[in-house]
Asks: 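Dumping the structure here so I can ask a few things about it.
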Amino acid sequence: MHTQLDVNGRAYALDHDPRTTLLDALRDHIGLYGTKKGCDHGQCGACTVLVNGRRINSCLTLAAMHDGDEITTVEGLGEPGALAPLQQAFVDCDGYQCGYCTPGQIMSATGMLEEAKAGDPSHVSASLSGDVALDDSEIAERMSGNLCRCSAYPFIRQAIHSVEGKE
Amino acid sequence: MTQTFKMDEPLPRLLDETRQGLIGTPMNRPDGPLKVSGRADYAADRLPDGTAHGVLVRATITKGKVTRLDESALAGIEGVVAVLSGPNFVRNPAQGMAGESPVQPGPRVDYHGQPIALVVAETFEAARDAAQRLVVEYDDAGGAEVDPDSASEVETDDPDATGDWDEAWGRAAAKVDVTYTTPGQVSAAMEPHAALAHWDSGRLTLHGSQQMLRFNRKELADAVGVDPSEVRILSPYVGGGFGSKLGIGAEAVSAALASRDLGRPVRVVMARQTVFDAVLRRTQTSQHVRLAADADGRLLALGHDDLVSNLPEESFAEPTTNASQFTYGAAALRFQQSVARIHRTPSGSVRAPGEAVGMVVLEAAVDELAGELGMDPVELRLKNIPDTAPLTGQDYSGRRLADCLRQGAERFGWAQRPKAERDGDWLIGCGMAAAARKNMLTKAAARVRLTGAGAVVETDMTDIGTGSYAILAQIAGELLGLPESKVEVRLADTDLPGASGSGGSFGAGSTGSAVFLAARRIREQLAAQLGCEPGELTLQDGIARGANVEKSLADLVQDELVGEAEIASGEAAKSHLSAGWGAHFCEVAVHAWTGEVRVRRMLGLFDIGRVLNRKTATSQAVGGMIWGLGGALTEELHHDPRTGHIANRDLANYHVAAHADAAGRIEADFVDDRDDWANPMQSKGVGELGISGSGGAVLNAIHAAAGVRIRHLPATPDKVIAALEAAGR
């Protein structure tokens with residue numbers, strides 16, 4: 001079947017198996033291997049991308065459901081020599097070790113910062129309305145869908161803190 | 001010619017004389033920009049034209065034989081290429097440093113979940129569909145034993161023992177005699193095991209996710225029946241290892257076999273569930289610890305016996321009592337291991353095999369002894385640091401355990417810690433534990449090439465997140481007087497000199513030393529060209545100085561200079577016991593009604609000799625501490641009692657620590673030291689030290705907070721509530 005995806009500002013016309021997930025479409029059909037497959041079941045977050053600005057586990061959705069959607073992957077944020085501030089912060093804070101969950105952490109954090117800015121509450125928010133103060137426990141709660149077995153968690157959150165409110 | 005250096009005696013501390021100022025700094029990882037931008041290519045991150053997709057099929061019986069693979073159900077699936085099995089298929093991954101194929105059982109099934117066939121198709125979707133529909137017929141042997149506690153086949157070693165146990169036990173003023181259990185655990189590296197194989201003129205190239213290429217090449221060659229010289233493995237980026245990628249496994253072997261049969265590239269990526277089923281787990285343990293002390297807190301007797309499990313004929317047995325044998329001294333010591341032979345997914349090395357589960361229990365038992373004695377647990381440990389290694393009589397090399405304990409206590413505020421305080425519904429308390437992990441040096445080779453433009457380091461060493469790219473650049477840059485930007489590190493290609501690989505925390509020390517020695521050879525050549533003794537040579541920022549001459553490397557190095565070196569363990573490992581040391585301090589909150597445990601803060605202070613990169617070492621240490629936290633609180637394999645099958649074989653049901661579990665302040669630091677007997681750089685391993693003992697600090701903090709001992713890990717809320725109720729709290 002045919003699906004048109006807008007990935008990192010570029011249009012891709014895909015001819016694919018109806019069972020192809022968005023994750024596999026990005027990786028094996030388009031060749032953007034930055035988005036990682038850690039579990040294929042929405043349990044680890046390594047495949048997180050932005051779809052029309054919202055973060056999503058790309059393994060849990062079919063490519064066919066995203067005809068015409070705007071997808072942002074980690075490759076779309078920046079590249080070596082021209083990294084996005086959050087990407088550079090991960091380098092400076094050592095917010096990774098093996099690097100495999102890193103694209104998902106970065107995309108998830110990118111989406112998360114927008115959610116907080118929009119006032120979306122989390123499980124640990126003191127109030128369901130009003131501004132969200134992104135302290136460490138808020139960030140930890142909001143990032144808990146992204147596993148990091150190297151357990152770089154404190155340094156990932158340091159990186160996120162360091163760019164928060166600075167764009 | 002490669003120079004082989006055997007570590008017999010300490011070398012002068014050259015890294016304290018060099019001028020570049022790169023070693024030890026918190027330099028960013030040079031591979032960082034690629035990783036954060038999605039451009040680091042892991043094993044599955046490629047799909048050459050014509051690649052077929054392979055999906056592994058698992059056994060759904062525990063013991064018996066595969067009698068037939070019925071492909072009739074696959075007839076309607078478009079794009080199925082082949083169903084492969086056969087005598088070369090491997091039962092499980094090779095154990096670390098095996099250097100030969102793991103067991104190739106043919107049609108025999110030894111555990112539920114064993115990979116038994118590979119379905120290959122034109123697309124991943126078709127291969128997955130076909131793998132699920134393939135009908136496997138078995139001759140089920142039935143009656144397989146899967147429970148270590150009731151296994152009929154248990155092999156018990158002769159005990160390692162010294163002293164008069166009965167005498168020492170008999171005159172004790174305080175005793176602890178306890179049994180702890182730890183459940184099976186898994187590495188759960190974020191990158192599932194993956195391989196892309198293709199053959200060209202009889203030569204196999206494998207993009208794999210592997211930790212120890214020098215061994216993996218031999219293992220893969222042996223498994224597929226070719227000479228190792230016909231196998232090339234590349235693993236430039238590995239998405240975590242933790243022991244799970246030490247040896248060649250089913251994904252690599254089946255991809256290689258299928259590619260050879262089909263004459264096209266084949267990619268096999270394990271599903272996460274297959275990673276649980278078919279990759280070596282950490283054994284569950286039952287540990288019997290006996291401690292006896294006099295009234296002053298001096299240990300009289302220390303006994304640590306354990307029961308672990310593995311498949312029949314798998315040689316690995318979790319060395320549970322590793323650290324118990326050299327951390328403390330006592331008049332009488334006794335260590336004995338039993339291995340139950342059962343048909344579960346076989347066990348193997350998972351981060352810090354031995355210490356990760358053994359030291360948690362030892363340190364919890366020592367805490368219990370402190371309680372019996374009414375003594376501060378830091379004091380009790382300080383009092384029992386032996387002069388020489390108790391079982392072997394070896395001298396210790398660098399050992400700053402006492403400093404870690406004292407300075408760690410000071411920095412944590414141990415003396416002023418909250419003691420059984422209450423914060424609303426939360427009970428607050430602090431615990432501590434010592435950390436120890438044996439430090440090893442293994443054979444490793446590396447080559448350094450220097451031109452006027454800079455240096456290139458070449459070795460088949462891997463970087464599994466450990467920071468090899470960073471520290472090898474720092475070592476070469478430091479010795480050759482080059483900034484980071486002038487050193488390129490090429491890794492993880494079996495065409496390069498054979499390194500130690502990543503495992504046992506020995507990678508940095510072993511392969512780093514090979515790079516050190518190779519670069520030192522280049523220093524000798526530069527000194528000769530400059531006309532000075534090597535000891536007079538200084539190198540900094542691309543300028544060589546010596547014998548009152550100053551020249552830029554660009555002028556001095558006309559032809560490329562090459563240094564290649566190999567290091568191997570020597571007399572030093574016999575004369576001295578080298579280990580990493582440390583102390584963990586932890587504050588937890590235990591919910592009085594739900595039994596939930598939250599770690600509020602943790603501090604680890606470690607002695608790893610010379611720190612090669614403060615940033616990556618800190619990350620390793622903190623990561624290990626969080627592993628310990630997860631092991632203490634959430635991680636647990638569940639096995640079906642009928643089949644031994646891993647019931648919670650995914651990341652939703654096997655709970656590794658997440659951000660919210662590690663939301664407290666978790667910090668690690670190092671006491672600066674030089675371990676002269678460890679290697680030419682005076683450094684020690686760090687990757688597994690952080691996990692050693694950290695879970696014990698968590699358990700001890702739970703006791704301090706809530707007054708209950710959880711002796712069956714993990715300390716999940718149900719167990720904490722039951723313990724609170726039993727204690728009448």
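Order of the sequence lines sets the chain letters (A, B, ...), proteins ahead of strands, with each chain counted from 1.
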Asks: Using non-hydrogen atoms only, which part of B/A189 is less than 4.5 Å away from chain A: side chain, backbone, both, or neither?
Replies: backbone

Asks: How close do A/P80 and B/R39 get, heavy atom to heavy atom, and via which atoms?
Replies: CD-CD, 3.6 Å

Asks: Nearest 0.5 Å, what's the CZ-CD distance between B/R272 and A/Q43?
Replies: 9.0 Å

Asks: Indicate the atoms forming the closest heavy-atom contact of A/D136 with B/A663, along with that distance.
Replies: OD2-O, 3.0 Å

Asks: If I measure from the heavy atoms of chain A, does B/Y469 come under 4.5 Å with its side chain, its backbone, both, or neither?
Replies: neither

Asks: Examine whether an atom of A/L77 lies under 4.5 Å from a heavy atom of chain B, and if so say whether it belongs to the side chain, the backbone or both; otherwise answer neither.
Replies: neither

Asks: As an exercise: rank B/V275, B/N653, B/L34, B/I626 by heavy-atom pairs under 4.5 Å with chain A and give me the winner.
Replies: B/I626

Asks: Pick whichever of A/A152, A/C98, A/G99 has the most heavy-atom pairs under 4.5 Å with chain B.
Replies: A/C98

Asks: Has A/S144 got a side-chain atom pairing as donor or acceptor with B/A660's backbone, closer than 3.5 angstrom?
Replies: yes

Asks: Taking all non-hydrogen atoms of both residues, which atom of A/G38 and which atom of B/P192 are closest, and how far apart?
Replies: O-CG, 3.6 Å

Asks: Does any N or O in the side chain of B/K615 come within less than 3.5 Å of the main-chain N or O of A/D92, such that one atom is a donor and the other an acceptor?
Replies: yes

Asks: Roughly how far apart are A/Y153 OH and B/D661 CG, rounded to 0.5 Å?
Replies: 7.5 Å

Asks: Under 4.5 Å from any heavy atom of chain A, what part of B/R665 do you find: side chain, backbone, both or neither?
Replies: neither

Asks: At what distance, to the nearest 0.5 angstrom, does NE2 of A/H16 lie from CD of B/E125?
Replies: 9.5 Å

Asks: Considering only heavy atoms, which portion of A/D28 lies under 4.5 Å from any heavy atom of chain B: side chain, backbone, both, or neither?
Replies: both

Asks: For chain B, find which of A/P103, A/G34, A/C39 contributes the most heavy-atom pairs closer than 4.5 angstrom.
Replies: A/C39

Asks: When you measure from the side chain of A/R27 to the backbone of B/A44, do you find a donor-acceptor pair of N or O atoms at a distance under 3.5 Å?
Replies: yes

Asks: Should the pair A/K37 and B/F124 be classed as cation-pi, given the thresholds of under 6.0 Å to the six-membered ring centre and 45° from the axis?
Replies: yes

Asks: In terms of heavy-atom pairs under 4.5 Å, which option from B/G79, B/S619, B/G38 contacts chain A the most?
Replies: B/S619

Asks: Does any backbone or side-chain atom of B/Q620 lie under 4.5 Å from a heavy atom of chain A? Answer side chain, backbone, both or neither.
Replies: both

Asks: If I measure from the heavy atoms of chain A, does B/V656 come under 4.5 Å with its side chain, its backbone, both, or neither?
Replies: both

Asks: Under 4.5 Å heavy-atom distance to chain A, tell me which part of B/Y237 shows up: side chain, backbone, both or neither.
Replies: neither

Asks: Heavy atoms only, distances under 4.5 angstrom: which of A/T102, A/T20, A/I139, A/D40 has the most pairs with chain B? Name it, please.
Replies: A/T20

Asks: By a 4.5 Å heavy-atom criterion (distance strictly below it), what part of B/H655 contacts chain A: side chain, backbone, both, or neither?
Replies: neither

Asks: Against chain A, work out which of B/I464, B/I666, B/V238, B/D650 has the most heavy-atom pairs shorter than 4.5 Å and name it.
Replies: B/D650

Asks: Does any backbone or side-chain atom of B/L47 lie under 4.5 Å from a heavy atom of chain A? Answer side chain, backbone, both or neither.
Replies: both

Asks: Identify which part of A/F155 has an atom lying under 4.5 Å from any heavy atom of chain B, answering side chain, backbone, both or neither.
Replies: side chain

Asks: If you count heavy-atom pairs under 4.5 Å between each of B/S187, B/G241, B/A194 and chain A, which one has the most?
Replies: B/S187

Asks: Within a reach of under 6.0 Å around CG of B/D423, are more than 12 heavy atoms found that belong to other residues, nucleotides or ligands?
Replies: yes

Asks: How long is the span from the CG atom in A/D17 to the CD atom in B/E78, to the nearest 0.5 Å?
Replies: 8.5 Å

Asks: Which atoms form the tightest heavy-atom contact between B/V622 and A/P154, and what is the distance?
Replies: CG1-CG, 3.9 Å

Asks: For residues B/W627 and A/S151, report the shortest heavy-atom separation together with the two atoms involved.
Replies: CD1-OG, 3.7 Å

Asks: Enter the distance from A/H29:NE2 to B/T123:OG1 here, rounded to the nearest 0.5 Å.
Replies: 8.0 Å

Asks: Determine the minimum heavy-atom distance between A/Q87 and B/V36, stating which atoms define it.
Replies: NE2-O, 2.9 Å

Asks: What part of B/A188 gets within 4.5 angstrom of chain A, counting heavy atoms only: side chain, backbone, both, or neither?
Replies: both

Asks: When you check the gap from the basic side-chain N to the acidic O, do A/R149 and B/E635 get nearer than 4.0 Å?
Replies: yes

Asks: Could you check which of A/Q88, A/R157, A/Q105, A/M143 has the highest count of heavy-atom pairs closer than 4.5 Å to chain B?
Replies: A/R157

Asks: Distance-only, no hydrogens or angles: does the B/R29 side chain make a donor-acceptor pair with backbone N or O of A/D94 under 3.5 Å?
Replies: no

Asks: Measure the spacing between CD of B/E191 and NZ of A/K36 and express it to the nearest 0.5 Å.
Replies: 8.0 Å

